[in-house]
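For reference, the structure is listed below as structure tokens.
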Amino acid sequence: MKPIQVGLFGIGTVGSGTFEVLKRNQEEIQRRAGRPIQITMVADLDVARAKSIVGSTVQVVSDARQIIANPEIDIVVELIGGYGIAKQLVLEAIDAGKHVVTANKALLAVHGTEIFAAAHKKGVMVAFEAAVAGGIPIIKALREGLTANRIQWLAGIINGTTNFILSEMRDKGLAFDDVLKQAQALGYAEADPTFDIEGVDAAHKATIMSAIAFGVPVQFDKAYVEGITQLESQDIRYAEQLGYRIKLLGISKRTELGIELRVHPCLVPAKRLIANVEGAMNAVMVQADAVGTTLYYGKGAGSEPTASAVIADLVDITRLHTVDPLNRVPHLAFQPDAMSDLPVLSMEQVVTSYYLRLRVADQAGVLAKVTGILATANISIDAVLQREAGEGESHTDLIILTHDCPEAKMNQAMAEMQQLSTVLAPITRIRKEELN
Ligand code: HSE
């Protein structure tokens, strides 16, 4: 049978992994897909390097538009990244009737609505398993495996760089900057690591998962995004003493008022499986009404793990491209005319629990004043830890864990506590999720 023909836009880490795995597992993949899948064209600015990867049987060009113009190409794989030229080329490929596979989380989180609408109009598929959590088939699970369920929430470690940094800081007591350099050397970090450490990469992925889980449009601009750059190693230690680990989580929850969509560091009970996901590994927990809690774990980045997701999409498209577009799995799991308009909530509306660290004067009545403010705000305390003041020290650290309360209420209480003359430094606040 005639092979389905694929053109790659870009052959870096993921592209070369895709070429290699397709070649290595060709026979098995064909048995699954029903026909051969062949990369027949590659576009890359570094033509010589691309040729050294794919050899002489594949046509290498420097201009991706040559792939779009080739009527023999059925599917394009966009591995350029970002939302500049990548967006332009994806829209042009759709317009030319090509199916698209992309690993570009930023593009879909920001411009997904426009791209999916264009694909829907043209009757082509845009597949993006590789955009979220690399090799973990989380898109497939949310969109198809859990399709019977009303999904209630999801929470994921979806950025390997930050998880690696947090693990190394906790395990080895290393400083943030030193571990970031290691993460870059190991190739986990994005070209601009700001996207990793400031939580933007995780927010792109959380935005995409949230859209599929709840049938809402992708709305990256409404996500709350906080990274790990302000995190101090003393908080990692205090959290541990209290039975928690600090993880950068991407969270999306359905509430009566709307959808929570947020990325921030979070205390998670050390006994949860997800709290024990270490190094550059990813994991996503999903709570749904029929199945209960499920957990998906694996490599969230890297050449062959990401290639695994890209090829899964190529196989899906190969199986489905002759199917009437109306009978295919919708891009965002829900039919385009059945999307929900539930609003994304502001952070002030989010309800969660908190870890607070206050640097306080070691004097009589300080604890009473602090807890008095929380009591007046009707914020219930779950646990308190006070560091014994060191020899000659006139201050100490007061750590408070609270039960759930709206963030607006916590903001107000923190502002009042900050006014106390016995609170000597800006209060540290880290959110806490029990995930039960
Ligand atoms: N920079 C990303 C990470 C790569 O650290 O997880 C995968 O998207």
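Just so you know, ligand 1 is whichever comes first in the structure, and atom 1 is the first atom listed for that ligand. Note that the structure is a prediction, hence the values are computed from the model and not measured.
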When the ring planes of Y83 and H204 are compared, do they come out parallel, tilted or perpendicular, using 30° and 60° as the limits? perpendicular
Evaluate the side-chain hydrogen bond (donor to acceptor under 3.5 Å, both in side chains) criterion for residues Y238 and E240: first the C-alpha distance (whole Å), next the side-chain angles of each, then the deciding distance (0.1 Å), finally the verdict. CA-CA 5 Å; Y238 284 135; E240 195 145 36; over 6 Å; no
I'd like to know whether ligand 1 has G134 as a neighbour, heavy-atom separation below 4.0 Å. no
Counting only heavy atoms not in H321, do more than 12 fall under 6.0 Å of its NE2? yes
re atom 4 (C) of ligand 1, the protein heavy-atom contact at minimum distance is E190 OE2, 3.2 Å
Counting only heavy atoms not in R35 (residues, nucleotides, ligands), do more than 12 fall under 6.0 Å from its CZ? yes
What atoms in ligand 1 come closer than 4.0 Å to a heavy atom of D196? 1 (N), 2 (C), 3 (C), 5 (O)
Shortest protein heavy-atom distance from atom 5 (O) of ligand 1, along with the residue and atom involved: T161 OG1, 2.7 Å
Starting from atom 8 (O) of ligand 1, what is the nearest protein heavy atom, named by residue and atom, and what distance separates them? K105 NZ, 2.5 Å
Atoms of ligand 1 less than 4.0 Å from K205 heavy atoms? 2 (C), 6 (O), 7 (C), 8 (O)
Check T162 against ligand 1 and report side chain, backbone, both or neither, counting heavy atoms closer than 4.0 Å. neither
Surrounding NZ of K299 (heavy atoms of other residues, nucleotides or ligands, distance under 6.0 Å), is the total greater than 12? no
Answer side chain, backbone, both or neither: which part of N159 comes under 4.0 Å from ligand 1, heavy atoms only. both
Under a 4.0 Å threshold between the charged nitrogen and the carboxylate oxygen, would E226 count as salt-bridged to R262? no
Determine the sole option in L108, I212, L142, I208 for which the side-chain contact (heavy atoms from CB on, under 4.5 Å) test with L332 is passed. I212
Within the 4.0 Å heavy-atom shell around A301, which atoms of ligand 1 are there? 4 (C), 7 (C)
Of all the atoms in ligand 1, which lie at a distance below 4.0 Å from a heavy atom belonging to G160? 3 (C), 5 (O), 6 (O)
Is R143 positioned over the aromatic face of F128, cation under 6.0 angstrom from the ring centre and no more than 45 degrees off axis? yes
I need the atoms of ligand 1 closer than 4.0 Å to a non-hydrogen atom of G300, numbered in the order shown. 7 (C)
